[in-house]
Chemist: 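A single structure is presented below for examination.
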Amino acid sequence: MKKYLSVYEKIKNEILSGVYKAGDKIPSKRVMVDITGFSEITVMNAYSLLESEGYIEARERSGYFVCEID
């Protein structure tokens, strides 16, 4: 499994299981880099995929937040 997919799956599963609820802020890219030990590019790819699928949204100068999931 590609590294970015493991980050993607981890956050997606945490959102779907209720660890993160709609409106919650998820860890910043830099914090996730520290947690996983992966590069910032890897984390950025995972966050981009989560955003494109509607799980999270980026808010300028604020971070990433969980979207309302139907």
Chemist: Given side chain to side chain contact (heavy atoms under 4.5 Å, CB included), test I11 with M32 step by step and report yes or no.
Modeler: CA-CA 10 Å; I11 295 174; M32 191 57 70; 3.7 Å; yes
Chemist: Would you kindly confirm whether V19 and F65 end up in one hydrophobic cluster when ILVMFWY residues are joined by side chain heavy atoms under 4.5 Å apart?
Modeler: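 Cluster IDs for V19 and F65 differ.
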Chemist: Mind checking what makes ring-ring contact (aromatic ring centres under 6.0 Å, His included) contact with Y64, not counting sequence neighbours?
Modeler: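 By the ring-ring contact (aromatic ring centres under 6.0 Å, His included) rule, Y64 matches Y47.
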Chemist: Take atom CG in L5; do more than 12 heavy atoms of anything else shown fall under 6.0 Å from it?
Modeler: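 It does: L5 CG has more than 12 such atoms within range.
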Chemist: Any chance you could measure Y20, atom OH, to E14, atom CD, to the nearest 0.5 Å?
Modeler: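 Going from the OH atom of Y20 to the CD atom of E14 covers 5.0 Å.
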Chemist: Rounded to the nearest 0.5 Å, what's the gap from CD on E40 to CG on N45? Could you check?
Modeler: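 The distance works out to 11.0 Å.
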Chemist: What's the spacing between K3 NZ and I41 CD1 if we round to 0.5 Å?
Modeler: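 Output value for this atom pair is 13.0 Å.
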Chemist: Let's go through V7 and F38 carefully: what are the C-alpha distance in whole Å and the side-chain angles of both, what is the deciding distance for side chain to side chain contact (heavy atoms under 4.5 Å, CB included) to 0.1 Å, and is it a yes or a no?
Modeler: CA-CA 9 Å; V7 175; F38 298 153; 3.5 Å; yes
Chemist: Same cluster or not: are M44 and I56 linked, directly or through other Ile, Leu, Val, Met, Phe, Trp or Tyr residues, by side-chain heavy atoms under 4.5 angstrom apart?
Modeler: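 The answer is no; the residues belong to distinct hydrophobic clusters.
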Chemist: Hey, could you give me the OG/CD1 distance between S28 and I35, rounded to the nearest 0.5 Å?
Modeler: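 That separation rounds to 8.0 Å.
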Chemist: Treating K25 as the side-chain partner and S62 as the backbone partner, does any N or O pair qualify as donor plus acceptor under 3.5 Å?
Modeler: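 Confirmed, K25 side chain pairs with S62 backbone.
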Chemist: Could you give the distance from CD1 (I26) to NZ (K10), rounded to the nearest 0.5 Å?
Modeler: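 Interatomic distance, I26 CD1 to K10 NZ, rounded to 0.5 Å: 10.0 Å.
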Chemist: Search all heavy atoms of E51 against all heavy atoms of A58 and return the closest pair with its distance.
Modeler: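 So the minimum-distance heavy-atom pair works out to OE2-N, 3.3 Å.
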Chemist: Please give me the minimum heavy-atom distance between G54 and C67, naming the atom from each residue.
Modeler: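 Taking every non-hydrogen atom into account, O-CB, 3.3 Å.
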Chemist: Is L50 reachable from V33 through a run of I, L, V, M, F, W or Y residues, each pair having side-chain heavy atoms under 4.5 Å apart?
Modeler: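 As far as the 4.5 Å side-chain criterion goes, L50 and V33 are connected within one cluster.
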Chemist: Might you work through the side chain to side chain contact (heavy atoms under 4.5 Å, CB included) test for Y4 and V43, ending with a clear yes or no?
Modeler: CA-CA 6 Å; Y4 81 93; V43 173; over 6 Å; no
Chemist: How many angstroms lie between CD1 in I69 and NZ in K12, if you round to the nearest 0.5 Å?
Modeler: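 Reported value, rounded in 0.5 Å steps: 10.0 Å.
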Chemist: So, the side chain of D24 versus the backbone of K21: is there a donor-acceptor pair under 3.5 Å, distance only?
Modeler: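 At least one qualifying donor-acceptor pair exists.
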